[in-house]
Amino acid sequence: MKQEIKINYYKVIVFIILTPLFFLVTFKLRNLFLDDAYITLTYSKNLFFFNKPYYNVNDKYQGNGQTSIIWMLIQTSFFYFKSISPIILNKAIGVFLYLIIIIKALIHLKTKNIQLNFYTFFLFILYTYWASLNISHGLETFFYSFILLFFLIYSKSSKSLIFIFILPFIRPDAIIISFFNIAQIRKFDKLSIKKIVAFSLSIIGYLLYQNYYYDVIIPLPFILKTVYEFSQAKILNFFFYVGLFLPVLIYSLINFKTKLFFYLPLFFYLFYYSFFVDEVMNIFDRYTFPLLAYLIYFLLYEDISSYFKKFKILFIISLISIFYFIKNFNKEQDYIENNYYSLMVNGPIKIGKLLNKLKFEDNKPLNIATSDAGAIAYFSNSNCYDTWGLNNATLLLTKKDMDWGNYLNYLKKSELDYIILISTDYDKYKPKLDFENKIYKYYKLDNKKLIYKSNTTKNYVYFIYKIKSND
């Protein structure tokens, strides 16, 4: 006797709506690749060709300017496929992982409560839209969110061991998640001991890696991008994020004996990402997006039927936040499509390709100073010195200490061939960044040859100066 296959039409309809939305947004943003994403790709390329996970293989004092070791290693493999663009492979991984998540989510989704279905539908809309945006920019964000969700799903089984070990190698701050998973252990059985061992090995392994390859153990982005800002905009954004996750937050407090440690990282990260991380390049709130894994897990794997009936107001508040973020991300998408992409193409990408041609004319590797450190370094195939400091330990530490003498002396010893500065005016150099103004004055660039000016936006113009090695 054949078993009858029951079709859940709600799940089918949700899938039919979500997948076209996902592919539409990813297609519209198919040409987007963040300047920061080119930084990671530069590390990957140097690891592939020079066996060194460095931004500038010529630098003697190294720091790690990208935080995802595993994402860098994954992208290193892209360079084996010479006929396929690494950017296409980067995004293909994101698309594949999204399809795995959405299919698994719909399989485990409980659909008996119609009102909860209404909330879940719009949450999946937000998740799909937000996921497509974060896949498009090329950083490790979506890969991290994928790993985090599966860690939460398998946190009570032996499958969690591999996730506990690799989490810090995807994002160092993810060690907090592993720590609280260990902290909730009450009985020391075999699995608990294995978790502690995996956690210890992950910390030791990460520190050994950092110590072996880099002179500064702390990843440079943590030094550069750590801020303490409680502006009105940040506070407002924080309250909307609290509203978004409110059903999970209250649920964990009500069930604090069994659930608080499990969800405690969510409390920490909401506060940390809201007030202690620089908003520079926080495109599409990429730092916060992976936390949505907690809300997805909560809906799929927690028994919330009675909880939903008692606390519908929390889900209504969360729904308001969902609409708020969809609206905000749509505005940001418009800016990216109409401004950022053309700025990248006519700015860093064009400059990188120009410098790559000059490299062949000079018949030697070029030494270039620039504060826009991604696409210029990747496309120029040169030794770039990141004057902002994100990928240069010496420049970051001297700039942080306001030690401008050693900052400028280091650049002089680097025997620069070209210096790239950003101006707020096209006709005459007007500094946008204070440290670039110091470079301009130190090298007396008003007397140097200006070989190129970018025609990007009127208040963001690249000036390229040719510098003689003996200057």
When you check the side-chain N and O atoms of Gln333 and Tyr129, is any donor under 3.5 Å from an acceptor?
-> yes
Looking only at side chains, do Tyr410 and Asn392 share a donor and an acceptor under 3.5 Å apart?
-> yes
Tyr429 and Tyr440: aromatic ring centres closer than 6.0 Å?
-> yes
For atom CZ of Phe81, is the number of surrounding heavy atoms from other residues, nucleotides or ligands below 6.0 Å larger than 12?
-> no
Distance-only donor-acceptor check, side chains Ser192 and Asp189, under 3.5 Å = yes
Side chains of Glu302 and Tyr251: is there a donor and an acceptor less than 3.5 Å apart?
-> yes
Please check if atom CZ in Phe230 has more than 12 non-hydrogen atoms from other residues, nucleotides or ligands closer than 6.0 Å.
-> yes
Taking the six-membered ring of Tyr460 (Phe, Tyr or Trp), confirm whether the NZ or CZ of Lys432 is under 6.0 Å from its centre and within 45° of its axis.
-> no
Please indicate whether Lys400 has more than 12 foreign heavy atoms, meaning atoms of other residues, nucleotides or ligands, lying under 6.0 Å from its NZ.
-> no
Is the CZ atom of Phe239 crowded by more than 12 outside heavy atoms at less than 6.0 Å?
-> no
Pair Tyr385, Asp59: side-chain N/O donor-acceptor within cut-off below 3.5 Å | no
Please check if the distance between the ring centroids of Trp130 and Phe284 is under 6.0 Å.
-> no
Taking atom types as modelled, find out whether Tyr55 and Asn64 have a side-chain donor-acceptor pair closer than 3.5 angstrom.
-> no
Taking atom types as modelled, is there a side-chain donor on Lys45 or Asn381 under 3.5 Å from an acceptor on the other?
-> yes
For Ile254, does the CD1 atom sit with more than 12 other heavy atoms under 6.0 Å from it, leaving out its own atoms?
-> yes
When you check the side-chain N and O atoms of Ser371 and Glu436, is any donor under 3.5 Å from an acceptor?
-> yes
Any chance CZ of Phe179 has more than 12 other-residue heavy atoms, nucleotides or ligands included, within less than 6.0 Å?
-> no
Taking the six-membered ring of Phe379 as reference, does the NZ or CZ atom of Lys353 fall below 6.0 Å from its centre and within a 45° cone about the axis?
-> yes
So, Tyr273 versus Asp173: side-chain donor-acceptor pair below 3.5 Å or not?
-> yes
Glu332-Tyr340 side chain donor-acceptor pair, cut-off 3.5 Å = no
Compute whether any side-chain donor of one residue and acceptor of the other, for Tyr98 and Thr128, lie under 3.5 angstrom apart.
-> yes
Side-chain donor-acceptor pair present, Asn346, Tyr462, cut-off under 3.5 Å = no
